[in-house]
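First the structure, in the form of structure tokens, and then the observations on it.
The analysis underlying the following values was restricted to heavy atoms, covering all of them including side chains, and did not include hydrogens, waters or symmetry mates. As the structure is a computational prediction, the values presented were derived from the model and not from experiment. In what follows, every chain begins at residue 1, and chains take the letters A, B, ... in the order their sequences are listed.
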Amino acid sequence: MQSLNPQQQQAVAHIEGPMLVLAGAGSGKTRVVTYRIAHLLDIGVLPSDILAVTFTNKAAEEMRTRIRMLKSAHILTCTFHSLGARILRESIGHLGYLNDFTIYDEEDSEKLLKSCLEQLNISNEKGLLRQIRNAISTAKNNLSDNIEAYPEVYDLYQTKLRESQALDFDDLLYLTVKLLKEHESVRQEYQKRWLFLLIDEYQDTNAAQYHIAKLLSEQHHNLFAVGDPDQSIYSWRGARYQNILNFESDFPGARIITLDQNYRSTNTILQAANALIQHNANRYEKKLWSQIGEGDKIGIFIAQTERAEADFVAKQILKHALDQHISFNEIAIFYRTNAQSRAFEDALLSRKINYTLIGGLSFYQRREIKDILSLLKMVISNADLLAWLRTINLPKRGLGPTTLEKITLAASKNGTPIFTFSEQLLERPHADVKLSGKQLQGLTDYVKLIHHLRARRPSIPLHELISEAISESRYLSYLEEDAETCQDRKENLNELIGKASEWEKEQPQPSLSRFLEELSLNAHVEEDDYVPSVKLMTLHNSKGLEFNVVFLAGLCEDLFPHINSKDSEEAIEEERRLCYVGMTRAKRHLYLCSSLYRFTWGAEQRMEPSRFLKEVPAQYLQNFSPVLHTIQEESDYSGFTTGDRVLHQEFGEGIVKKAYQGTFGLTYEVYFPSHNLTRNLAAKYAKLVAVNSRPLA
DNA sequence: ACCACTAGGATTTTT
DNA sequence: TCCTAGTGGT
């Protein structure tokens with residue numbers, strides 16, 4: 001307790017009733033949550049009475065380990081989605097579903113939706129598929145069961161999900177709310193199970209998540225919510241930061257505590273971030289402060305091209321690593337869209353800097369992994385249509401799209417699960433499905449393969465089952481058709497086997513179904529820390545993390561803020577919050593980078609520097625850019641141009657005569673009247689300071 | 001049914 | 001620039 005400030009202490013000591021902690025960036029939020037859990041345990045609350053819900057798997061993991069550092073108890077920490085999966089696994093029967101449903105990820109549900117469009121003869125023009133997917137997702141997250149456009153697609157999609165005995169990600173929330181709302185006994189059961197409920201990142205809860213929180217805490221009222229409205233960045237996923245502002249009225253008797261002392265960043269970084277977020281009209285005033293001291297100025301770099309931008313970042317990373325002995329693990333590059341990562345990967349690779357790409361296409365989303373996992377899904381399920389479609393013709397068994405459509409349609413008409421239907425087809429022919437001898441043989445092989453794996457499942461460990469699935473299906477010979485990618489893919493499969501056996505060792509009761517469930521909800525938990533590496537990620541992925549050195553890249557108008565957010569001030573404000581989140585991840589060194597030209601879709605495009613650059617006052621900035629005049633015209637960055645007055649440590653006041661790119665990077669030719677001396681000074685070595693008001697004598 | 005080739009569309013952000 | 005859906009030949 002003594003290591004906490006008074007506000008933190010109050011939050012930690014809070015026991016019963018609703019509480020909202022408005023926790024600014026870096027204000028020790030995780031610490032407060034973990035200490036409070038420890039405190040609850042100290043006063044005799046059982047570990048099993050406590051439920052902590054976070055926003056990402058990573059955050060859940062982090063919280064679990066932080067709690068374990070304090071207490072040896074096991075506290076259930078999970079995301080809303082995995083909480084939903086857990087509840088539904090136990091109780092979905094009340095809604096008329098079977099409880100051994102499979103979970104479809106984004107790719108799966110998009111494929112399923114695509115098949116719906118095809119079946120209804122609706123062509124996927126102008127990203128209609130995506131639009132409908134978003135509409136369905138939004139509807140479910142807002143707890144509505146219809147959409148305006150193409151309701152028939154929604155209906156068919158739901159029907160197909162049910163036929164496949166599958167739930168999509170949004171169902172995990174939507175159906176949980178439905179279950180808790182409509183079945184009082186079920187609701188009471190879960191209200192009794194968890195007497196203390198903690199929710200992190202409360203500003204990013206959507207309607208469904210909000211209702212889960214409300215329903216679960218209705219009896220005991222012990223809801224402890226933590227969040228920061230300035231860090232709400234998921235409105236496009238239905239998040240409503242208003243939830244945090246309405247907390248007092250939603251949960252009568254709520255106490256509210258604000259944490260505004262920042263323990264992470266230098267004052268320069270905080271002031272700059274504060275200044276930026278001030279440009280948002282819709283916000284509750286809160287000013288972070290810190291005792292860490294002023295620290296370095298924020299580096300600004302406007303490159304000519306995105307390549308040059310990446311080069312600067314790579315160079316600067318090496319400089320920090322070599323000069324200040326900062327580990328690569330303490331350095332991160334953030335960008336707005338995943339596609340931006342490539343330039344940085346190239347630059348880091350060419351300098352042999354280890355890096356880890358966070359997010360993006362994860363291991364478990366790779367084709368070969370999903371193929372084999374789908375095969376394993378068929379071991380468990382008779383109904384999983386997508387897993388069946390994915391594996392039935394791998395390797396080629398003579399069953400092409402036309403035949404598959406006939407089979408799936410007939411199975412659907414029959415009301416028979418797809419695999420069961422396949423088995424029946426072998427025994428007696430079906431009027432609508434005529435198969436050639438070759439096709440019949442192929443289908444027989446497939447059914448035999450699944451039967452074989454099903455028979456083997458009880459007697460061999462999981463990782464052996466996986467390698468048997470690979471060998472028995474002759475998957476490797478299929479991979480060998482593409483010589484270029486074959487080696488990589490084989491290695492990935494080996495890694496999958498390795499990961500499975502590792503997982504088996506850790507689990508008290510390993511089973512195939514648990515393994516698959518964990519993977520579908522926890523698709524990226526990788527990351528080996530053995531080799532220090534620079535972390536590359538989107539700004540969204542950066543939430544909740546901190547690094548000694550942060551590069552915020554691609555600060556170009558239309559990229560960040562993104563072009564799609566231009567038509568509404570609300571959306572621009574969310575982009576600004578995203579920028580705020582990025583800046584406040586930095587502990588000591590922050591760089592804001594941009595470029596004047598950028599390759600998009602193969603063509604070079606002129607970009608304007610982001611408005612966010614101009615919203616950070618020049619006094620906090622230090623310009624590293626080579627193209628001074630361009631920048632000076634366009635905004636008020638620090639950095640010097642001809643005519644600027646500067647102060648030098650040794651020579652005193654001087655005037656910049658020229659700025660140019662020298663051997664040591666940006667260089668100034670400066671005249672010092674008091675010494676009657678002209679010197680060429682490299683910007684990175686001579687620490688020149690701006691002299692603002694006073695003219696030279 | 002499968003293969004090879006081509007034209008046109010794509011990039012926001014995530015559980 | 002890269003990926004994928006669509007086309008036409010075998």
Side-chain angles (χ1 to χ4, degrees), chain A residues 53-60 78-85 103-109 114 117-118 123-130 133-134 137 140-141 167-174 176 201 204-206 208-209 232-239 334-343 358-362 364-365 367 393 395-405 435-436 438-439 442 481-482 519-525 537-544 554 558-566 571 574-575 577-579 581-582 598-605:
Chain A
V53 183
T54 60
F55 204 67
T56 63
N57 292 306
K58 211 195 237 163
C78 58
T79 64
F80 271 109
H81 289 84
S82 56
L83 173 66
I103 297 168
Y104 278 178
D105 68 13
E106 182 105 54
E107 190 196 339
D108 296 333
S109 42
K114 195 173 163 230
L117 288 182
E118 275 162 13
S123 78
N124 176 21
E125 279 168 353
K126 293 185 204 145
L128 184 66
L129 181 94
R130 281 283 168 84
R133 227 213 87 64
N134 285 343
S137 177
K140 286 182 179 175
N141 282 320
L167 307 184
D168 67 15
F169 274 155
D170 302 313
D171 285 336
L172 295 177
L173 304 178
Y174 173 77
T176 303
E201 309 284 10
D204 281 324
T205 49
N206 60 33
Q209 292 164 330
S232 163
I233 54 176
Y234 283 97
S235 71
W236 48 274
R237 223 171 77 193
F334 303 155
Y335 35 78
R336 180 63 178 81
T337 69
N338 280 308
Q340 288 168 259
S341 72
R342 176 150 289 178
I358 310 275
L361 191 66
S362 89
Y364 295 103
Q365 289 172 318
R367 191 171 69 201
N393 209 23
K396 303 261 179 305
R397 295 188 181 91
L399 298 154
T402 328
T403 316
L404 295 187
E405 201 181 317
L435 297 176
S436 71
K438 192 176 141 203
Q439 291 174 325
E481 284 169 23
D482 187 345
L519 290 194
S520 54
L521 287 169
N522 214 349
H524 17 188
V525 273
M537 65 189 87
T538 62
L539 283 149
H540 283 88
N541 264 314
S542 78
K543 192 162 75 158
D558 291 351
L559 182 60
F560 188 34
H562 196 271
I563 190 159
N564 293 2
S565 47
K566 280 218 148 159
E574 177 147 320
E575 296 283 300
R577 289 194 293 270
L578 194 55
C579 189
V581 167
R598 188 161 290 272
F599 271 94
T600 19
W601 299 344
E604 195 174 54
Q605 229 187 329

Would you mind telling me which residue lines up with the more 5' stretch of DNA chain B, A/Q439 or A/E574, judged by nearest nucleotide?
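Nearer the 5' end of the strand: A/Q439.
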When you match A/L173 and A/E575 each to their closest nucleotide on DNA chain B, which lands nearer the 5' end?
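Its nucleotide being nearer the 5' end, the pick is A/E575.
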May I have the distance from [X] (atom [atom1]) to [N] (atom [atom2]), rounded to whole angstrom?
X: A/R133; N: B/dT11; atom1: CZ; atom2: P; answer: 14 Å
X: A/N206; N: B/dT15; atom1: CG; atom2: P; answer: 14 Å
X: A/F599; N: C/dT1; atom1: CZ; atom2: C1'; answer: 10 Å
X: A/F334; N: B/dT14; atom1: CZ; atom2: P; answer: 13 Å
X: A/R336; N: B/dT14; atom1: CZ; atom2: C1'; answer: 12 Å
X: A/R367; N: C/dT4; atom1: CZ; atom2: C1'; answer: 12 Å
X: A/L578; N: B/dT14; atom1: CG; atom2: C1'; answer: 12 Å
X: A/Q340; N: B/dT12; atom1: CD; atom2: C1'; answer: 10 Å

Could you tell me whether A/W236 and A/H540 have their ring centroids closer than 6.0 angstrom?
yes
Aromatic ring centroids of A/Y234 and A/F55 under 6.0 Å?
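Yes, close enough.
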Taking only the side-chain nitrogens and oxygens of [X], find out if one of them lies under 4.0 Å from OP1 or OP2 of [N].
X: A/T538; N: B/dT12; result: no
X: A/H562; N: B/dT12; result: yes
X: A/T56; N: B/dT14; result: no
X: A/N541; N: B/dT13; result: no
X: A/N393; N: B/dA1; result: no
X: A/N57; N: B/dT14; result: no

Considering only [options], which nucleotide approaches the side chain of [X] most closely?
X: A/W236; options: B/dA1, C/dA5, B/dT13; result: B/dT13
X: A/T337; options: B/dC2, B/dT12, B/dT15; result: B/dT12
X: A/R130; options: B/dT12, B/dT11, B/dT15; result: B/dT11
X: A/H540; options: C/dA5, B/dT14, B/dT15; result: B/dT14
X: A/E106; options: B/dC2, B/dT15, C/dA5; result: B/dT15

Should we count CD of A/E107 as having more than 12 external heavy atoms under 6.0 Å?
yes
P atoms of C/dG6 and B/dT11, separation to the nearest Å:
16 Å
Distance check, C1' atoms only: C/dA5 and B/dT12, in whole angstrom units.
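Pairwise C1' distance, C/dA5 against B/dT12, rounds to 23 Å.
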For a quick check of understanding: with a heavy-atom distance under 4.0 Å over all strands, which category does A/Y234 fall into, base, sugar-phosphate or nothing?
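The residue A/Y234 makes sugar-phosphate contact but no base contact.
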Students often get this wrong, so: under 4.0 angstrom with heavy atoms, is A/T403 touching a base, only sugar-phosphate, or nothing?
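The answer is sugar-phosphate, as A/T403 gets under 4.0 Å only of primed atoms, P, OP1 or OP2.
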Would you call A/R237 and A/D204 a salt bridge, taking side-chain N to carboxylate O under 4.0 Å as the test?
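Looking at A/D204 together with A/R237, the answer is no, because their closest N to O distance does not fall below 4.0 Å.
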Which heavy-atom pair separates A/S542 from A/M537 by the least distance, and what is that distance?
CA-SD, 3.6 Å
In the structure I gave you, are the side-chain heavy atoms of A/I103 and A/H81 within less than 4.5 Å of one another anywhere?
no
